[in-house]
Structure formats: structure tokens, C-alpha cells
Amino acid sequence: MFAVLRQRNFSFVWFGGFISLLGDWMLMIGLPLYVYGITHSTLATGGIRIASLLPRLLLGSVAGVFVDRWDRKRTMIVADILLALFLLPLFVVRSADHLWILYGVAFMESVVVRFFRPAEGALLPLLVPEKQLITANALYGINTDASRLIGPAIAGFVFAAFALRGVVTLDAVSFVIAALLIASVRADTRPHRAAPDTDAAATAAGVFVRVWREWWAGLQLVPRSRVIAVLFVFQTIVAVGEGVMGTLFVPFVSKVLGGDGQVFGWIVSAQAVGGLLGGLLIGRIGAAISPARLLGIGAVLGGIGDFLIF
């Protein structure tokens, strides 16, 4: 593991990704807290959730096709800069009259992230030898859990002390730092193609048409495979449940538990602790249980956990 981290290019991208994830989590905590604080409306708070999820629905299966044609490093740098810039309108928000600004920022941030994540995943094999890919992916898994553990706790503390402006400032700084770290990578991160495009399809309109054709071809695979179709339905049901839970959790912490932003941040961080422990448990028993059964058991246990919380 340390041998992978000692590789200069990978360490810059790995730490930059961690900083960027921290920023994501801080915004995910700060925005719903602020919206509920100025509106006391679960419907308005749910609007932030919808604004964040719409790009995932509209672009989730398309963004990766575009990223396959772009320089991965450049895509990530531009994405981090845009993530920082799109936060700036939040500094003018004063009341519920500016709710549309909050929704717009949540939407645009989610749009950019849809392109950042595929570029990050595609960059990894270009930075480490094939034999170290498993270790590198494991380190990225640690990134995800660690950022979820630390980010919400930081966001809750900053929100309690400095309100939304403090969270936005820290979030923007995190994206700038991430962009600088990724810019320090010295490697060829351009997509490798068998031959350059020389026909009419090489025009911008032609590439756009080809991208959509590839997307449609991939989408047609879903109904042809029972496994993929079941996973699509499963993930849809889970996403609906998570949407309900995520929308109601801020009002629940505020009204029922009487907690503030710091309490909310600590509770979300506690979920990361569960994720880390669950990952260790799956590492021990995962080989003995089929993936389908693990999904079913996980869904049932997750439902029981939500029931006990509420």
C-alpha cells in the first residue's frame, strides 16, 4: 500500500480526490441545514435533494461517454475550478427569497461532479502498474469512507460557528487545493485511440451524435440481461428510500432530537464509521456469501436500521 502512495503522480491525485470529496460532503451537509433553517419546510429542503439528484438521473449514464474522449487530468482540473466558481453565488444569499440560487448551485455542482468522477476513475490505470491497481482501488475506497467520516463533522462544526458562508468558503478552498494537486501530475492522461478521427464524425456535431449512439446502445443492454435489469430496479428502489431519508433527516435532527448543525454532522459521520466496519466485515465473509444474497441482506438490515432510528 505504501509503495503505491510513494508514487508521485498517484499520491497527488489520491490526496486531491480526498480533498475534493471533503468539499462534496461539506456542501451536502451545509445546504440542507441552511434551507431548513430559513424555511422550516421539509418540501423546500427536499428541493435541494432533487436539484442534486437530477443531474445524476439525466447525465449519470452519459457523462462517462464524453469523458472517454477528453484528457482525464484536464477534465478533473476544470471540474474542480468550476466547482469552486459555482459556489460563489451562495455568498449573496440572505433569505428564503434566494432559494432559487441555492437550488441552482446544488444542480450545477452535481452536474460537474458527474464528469469529475468518471475522469478520476479512468485516470487511475494510467498512473499505477496493472499489478498495483487493486491496491490503488482499495486506497480510493479508504478515501471515500474517510471523507465521509471527516467531512460532515467538519461541516457541522463550521456551520454551527460560521453559518453557510463558512462552509462555502472552506468548500471553495478545498476545490482549489484539489485542482492544484492534480495539476502537479506529470503523466500522459489523454485517451488512447487506435486511429485519429478523420471523417465527418470528427466534427463537434458528429462526436455528439456518436456519443448518444453509444449511450443508447449501452442502455439497450439493460432489458436483455435479467441481472442488469434487476439491479436497475433494486438501485431505483434504494435511491427512492435514500431520497426520503435524506430529505427528512435534517428536520428529524432539528425537531425531534433538538440538535443543531454540529449534531447533524456528527450523525452523518457516524454512518461512515458503520461503512468502515461493514467493509471490514464484508472482507471477511464476502467470499462465503453470494453477491445477490449480500444485496438482499444489506437492504433488509438497512430498512430495519432506518425503522429503529425513527
Side-chain angles (χ1 to χ4, degrees), residues 4-31 52 55-56 59-60 63-64 66-67 70-91 105-128 136-159 162 164-191 265 268-269 272:
V4 177
L5 284 174
R6 281 196 294 268
Q7 298 184 44
R8 179 182 182 276
N9 288 330
F10 175 81
S11 63
F12 277 128
V13 174
W14 182 78
F15 192 62
F18 175 69
I19 297 294
S20 183
L21 280 170
L22 281 180
D24 292 342
W25 276 109
M26 284 188 284
L27 195 66
M28 281 190 281
I29 297 299
L31 282 183
S52 299
R56 185 182 302 181
L59 298 173
F66 282 99
V67 172
W70 299 340
D71 184 302
R72 285 84 161 103
K73 171 184 167 182
R74 186 177 302 169
T75 300
M76 293 173 68
I77 293 172
V78 171
D80 272 325
I81 293 173
L82 289 176
L83 287 169
L85 291 176
F86 285 143
L87 290 173
L88 297 182
L90 294 178
F91 285 107
V105 169
F107 181 84
M108 292 308 302
E109 291 282 308
S110 184
V111 166
V112 176
V113 170
R114 301 281 75 78
F115 292 90
F116 181 91
R117 297 299 171 218
E120 184 180 40
L123 179 62
L124 184 59
L126 303 179
L127 302 179
V128 298
N137 278 302
L139 285 167
Y140 264 93
I142 293 174
N143 251 3
T144 302
D145 289 326
S147 62
R148 188 178 181 184
L149 176 65
I150 300 171
I154 295 175
F157 172 78
V158 173
F159 187 88
F162 305 103
L164 182 65
R165 288 190 176 187
V167 174
V168 171
T169 301
L170 197 58
D171 195 7
V173 170
S174 75
F175 291 131
V176 173
I177 293 174
L180 292 173
L181 287 169
I182 296 167
S184 301
V185 170
R186 298 291 178 262
D188 183 6
T189 58
R190 295 170 297 177
V268 176
S269 291

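The minimum heavy-atom distance linking Ser269 with Pro152 is given by the pair OG-CB, 3.5 Å. The two atoms that bring Leu31 and Ala106 nearest to each other are CD1-CB, 4.0 Å, heavy atoms only. Across all their heavy atoms, Ala119 and Met76 have their closest contact at CB-CG, 3.8 Å. Ile29 approaches Gly156 most closely through the heavy-atom pair CG2-N, 4.3 Å. Residue Asp80 comes nearest to Ser20 through the heavy atom pair OD1-OG, 3.4 Å, listed as atom of the first residue, atom of the second, then distance. Contact between Val105 and Pro89 at its shortest, heavy atoms only, is CG2-CB, 4.2 Å.
The environment of Phe162 atom CZ is sparse: at most 12 non-hydrogen atoms of other residues, nucleotides or ligands sit within 6.0 angstrom.
Between Phe91 and Thr169, the closest side-chain pair of non-hydrogen atoms falls below 4.5 Å. Side-chain contact between Phe115 and Val78 is absent, with no heavy atoms from C-beta onward closer than 4.5 Å. Between Phe86 and Val111 there is no side-chain heavy-atom pair separated by less than 4.5 Å. Side-chain contact between Ile150 and Phe18: present, with at least one pair of heavy atoms (C-beta onward) separated by less than 4.5 Å.
Interatomic distance, Trp14 CH2 to Ile182 CD1, rounded to the nearest 0.5 Å: 14.0 Å. Once rounded to the nearest 0.5 Å, the distance linking CG of Asp171 with CG of Leu27 reads 5.0 Å. Once rounded to the nearest 0.5 Å, the distance linking OG of Ser147 with CE of Met26 reads 10.0 Å. For the atom pair CD (Glu109) and CG (Leu85), the distance works out to 9.5 Å, reported to the nearest 0.5 Å.
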(request) List the steps and the verdict of side chain to side chain contact (heavy atoms under 4.5 Å, CB included) for Phe175 and Asp24. (result) CA-CA 9 Å; Phe175 291 131; Asp24 292 342; 3.6 Å; yes
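Under the rule for a salt bridge (Lys or Arg N to Asp or Glu O under 4.0 Å), the partners of Glu120 that lie at least two apart in sequence or sit in another chain are Arg117.
Side chain of Asn9 to backbone of Arg186: a donor-acceptor contact under 3.5 angstrom is found. Between the side chain of Thr75 and the main chain of Trp70, no donor-acceptor pair closer than 3.5 Å is present.
For the residue pair Ser110 and Arg114, a side-chain donor N or O sits within less than 3.5 Å of a side-chain acceptor on the partner.
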